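Written below as structure tokens is the structure these notes are about.
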Protein chains: 2
Amino acid sequence: MTLKELSDLLGLSPTTVSRALNGYPEVSEATRIKVAAAADAHGYAPNTRARALATGRAMAIGHVIPISAKHEMVNPIFADFTAGAGEVYSRNGYDMLMSVVSDQNEKQAYRSFATKRNVDGLIIHAPSLNDERIPFLNDLGLPYVVHGRSSRATAPYAWVDVNNTRAFRRATELLLDLGHTRIALLNGLEHMDFAARRRAGYEAALTARGITPDPALMFSAEMTEAQGHDLTRPLLATSDRPTAILVSSMIMAIGVRRGIEELGLTMGRDVSLITYDDDLSYFRNGSDIPVYTATRSSVRQAGQHAAQLLIDIINGNDSPSELLLEAELTLGTSTGPNRKS
Amino acid sequence: MTLKELSDLLGLSPTTVSRALNGYPEVSEATRIKVAAAADAHGYAPNTRARALATGRAMAIGHVIPISAKHEMVNPIFADFTAGAGEVYSRNGYDMLMSVVSDQNEKQAYRSFATKRNVDGLIIHAPSLNDERIPFLNDLGLPYVVHGRSSRATAPYAWVDVNNTRAFRRATELLLDLGHTRIALLNGLEHMDFAARRRAGYEAALTARGITPDPALMFSAEMTEAQGHDLTRPLLATSDRPTAILVSSMIMAIGVRRGIEELGLTMGRDVSLITYDDDLSYFRNGSDIPVYTATRSSVRQAGQHAAQLLIDIINGNDSPSELLLEAELTLGTSTGPNRKS
DNA sequence: ATCGAAATCCAAAGCGCTTTGAGTGTCTCA
DNA sequence: TGAGACACTCAAAGCGCTTTGGATTTCGAT
């Protein structure tokens with residue numbers, strides 16, 4: 001069913017039908033209702049491609065999912081972020097276009113979006129400290145929003161981020177308050193901005209209490225279950241082992257816990273643990289009582305915010321284009337007072 | 001840069017330029033090279049929307065991601081499946097269109113894809129035993145591939161699935177061989193086809209050894225960490241507790257393990273555990289030695305196969321449209337002989 | 001020299017929609 | 001009664017591409 005067929009059916013011109021459906025004022029309410037009814041009855045919806053061509057707007061947002069060639073990894077938070085963003089897109093009539101590329105080809109994917117003109121905007125993920133995508137995209141001229149920040153970027157850009165520094169500072173302070181002084185940090189890869197900020201928060205809290213951060217207690221790795229486990233085992237086997245561990249992701253924390261228990265130790269008693277929790281839908285932190293003490297911020301909500309911000313930018317509503325979300329610190333059973341001192 | 005601009009630049013007609021770029025034989029090799037070079041130099045790529053309108057092909061595949069309204073859950077395997085499918089799409093010049101909708105609106109999302117004509121095909125996930133989407137999509141006339149099967153569907157459809165029955169039958173047999181007779185099953189929701197098949201495999205193995213499946217040992221729930229834990233606790237608190245547990249997902253298994261250890265029991269010694277492992281990239285089963293004994297099948301590869309199959313169907317290459325993948329059974333440290341008998 | 005096929009290239013139509021600019025009635029007020 | 005204002009509606013152009021059906025040139029063969 002095309003517009004022309006529908007208009008023939010109604011004995012109207014395509015113009016009028018189009019205007020009726022798109023809510024233009026030049027058409028009477030009576031015909032509008034008639035047209036809408038007929039469209040509904042015959043299951044008519046405008047052909048996206050033709051409409052996009054005519055209006056110059058693709059009504060689609062692009063997401064580039066880079067796959068690390070080394071580890072064949074998909075960022076686990078991606079599904080929930082996507083879900084959040086997707087809801088907002090649907091609500092606003094936008095489609096979500098996903099491009100899965102190996103991380104070397106990422107820029108090419110952005111360029112391709114721009115030249116093929118099949119999206120009106122982009123969301124980019126996981127920025128590094130000085131992310132080269134930002135100047136690149138500024139040149140490209142396609143609206144975009146960054147999920148996260150890039151501390152050393154000089155050009156302006158729109159972003160939605162969590163206050164990672166504050167979150168890790170508070171988590172560290174909690175552990176200090178519980179009497180822990182040897183606190184390990186199992187962080188994500190620190191060329192990533194979020195990880196650098198988390199480390200800064202951790203170090204700031206220690207320094208403020210007169211403790212010099214010990215490089216032997218700080219680790220930076222991919223945030224997998226296996227890494228969590230593999231880093232924890234040797235760490236806890238030393239004589240002056242830490243009494244508390246700060247972990248950058250739930251998934252990694254699962255591995256840490258596995259390591260703790262393999263050594264016959266008990267989490268929350270022998271070793272305290274605080275983790276960052278992205279509130280992933282399939283991995284909620286316990287059912288009633290949280291298992292892990294955690295700083296939590298919903299990545300799904302971040303997705304909603306980022307999507308809304310991008311749509312605002314595309315529509316030219318220049319509301320503030322930066323949004324800093326706060327994580328909340330929730331007590332679980334994984335922390336307790338230091339018993340070793 | 002449009003085709004017209006490029007052709008003006010080259011002193012050729014748009015026709016010739018278009019043909020040169022699309023590899024039609026009516027253009028000399030010399031001009032083809034010249035055109036390609038110019039296109040490259042000026043960063044020209046055909047406008048997707050215009051091309052789609054002209055060719056009648058959207059060069060895009062739709063995925064509908066239903067969000068369970070009740071639990072606000074995103075299927076965790078979705079990210080990896082998507083990654084696999086996305087690779088194949090990219091390689092073949094297809095875009096991936098994602099539509100996130102609450103599960104009540106799912107059909108509407110398919111219909112919208114069909115009427116708006118912005119995709120050439122669909123992939124659908126998580127079919128139930130008698131999935132109503134199959135007749136619905138057959139009517140709709142948009143090519144599609146099902147990830148999974150729908151046992152009670154009468155109409156034919158293309159699918160890619162894992163041999164769930166066989167996988168669970170083999171896993172159960174392994175436990176039986178180890179002397180376990182009271183084997184619990186923590187399954188996914190059994191209106192889902194995959195879960196029903198897994199249960200069938202489990203029951204078949206038991207029955208073949210003369211053991212009547214005990215309803216008190218069979219559970220069907222959402223496959224979250226919390227559910228795994230919450231089901232395990234009371235299960236292992238009974239006097240005639242099972243000595244082995246078969247679990248339908250790694251994530252759930254993590255929760256089961258937590259339950260086991262909270263009770264002071266040791267996995268692999270006091271309780272054996274076998275889990276189904278989708279080989280999720282962020283949740284590999286241990287680094288060197290697998291932690292869990294598991295039946296594994298890569299959901300990412302399933303994504304690749306499904307995407308390829310769909311593209312084949314769209315292109316009219318009618319290769320066989322059904323693909324059954326086998327899961328492999330890998331020994332980890334979570335299983336051991338029954339010590340209780 | 002001439003013809004026909006092969007090799008190139010092009011003009012123009014068309015994909016299905018939006019939107020501009022104009023046209024036709026109908027109403028209101030002088 | 002006539003003129004202007006208003007409410008509707010429409011024809012046609014245009015978005016950027018592909019593709020049909022010709023037109024032109026080249027060249028070996030007659």
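What you are looking at is a predicted structure, and each value in this text was computed from that prediction instead of being measured. We name chains A, B, ... by the order of the sequence lines, and we start the count at 1 in each one.
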Mind listing the N/O atom pairs, protein and nucleotides 5-7 of chain C, below 3.5 Å?
none

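Counting 5' to 3', DNA chain D first comes under 4.0 angstrom of a heavy atom of chain B and last does so at the ends given by D/dG16 to D/dG21.
Side-chain atoms of B/Arg32 and B/Tyr24 form no donor-acceptor pair, as typed in the model, at a separation below 3.5 Å. Counted by atom type alone, B/Ser151 and B/Asp193 present one or more donor-acceptor pairs between their side chains at under 3.5 Å. A donor-acceptor pair shorter than 3.5 Å can be found between the side chains of B/Asn22 and B/Arg51. Residues B/Arg133 and B/Asn138 have side chains that never bring a donor and an acceptor to within less than 3.5 angstrom of each other. When only modelled atom types and interatomic distance are considered, B/Thr15 and B/Ser18 share no side-chain donor-acceptor pair under 3.5 Å.
The aromatic ring centres of A/His147 and A/Phe78 sit 6.0 Å or more apart.
When the nearest nucleotides of DNA chain C are assigned to B/Thr31 and B/Ala50 by heavy-atom distance, the more 5′-ward of the two goes with B/Thr31.
Within a 6.0 Å radius of CZ in A/Arg117, no more than 12 heavy atoms belonging to other residues, nucleotides or ligands are found.
For the contact set between residues 6-18 of chain B and DNA chain C, defined by any heavy atom under 4.0 Å, the members are B/Gly11, B/Leu12, B/Ser13, B/Thr15, B/Thr16.
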Checklist entry - Could you go step by step and tell me if B/Thr115 and A/Met1 meet the side chain to side chain contact (heavy atoms under 4.5 Å, CB included) rule? => result CA-CA 8 Å; B/Thr115 56; A/Met1 169 72 52; over 6 Å; no

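With a 4.5 Å cut-off on side-chain heavy atoms, A/Met96 and A/Ile61 do not count as touching.
Aromatic ring orientation, A/His63 versus A/Tyr89: perpendicular (interplanar angle above 60°, classes split at 30° and 60°).
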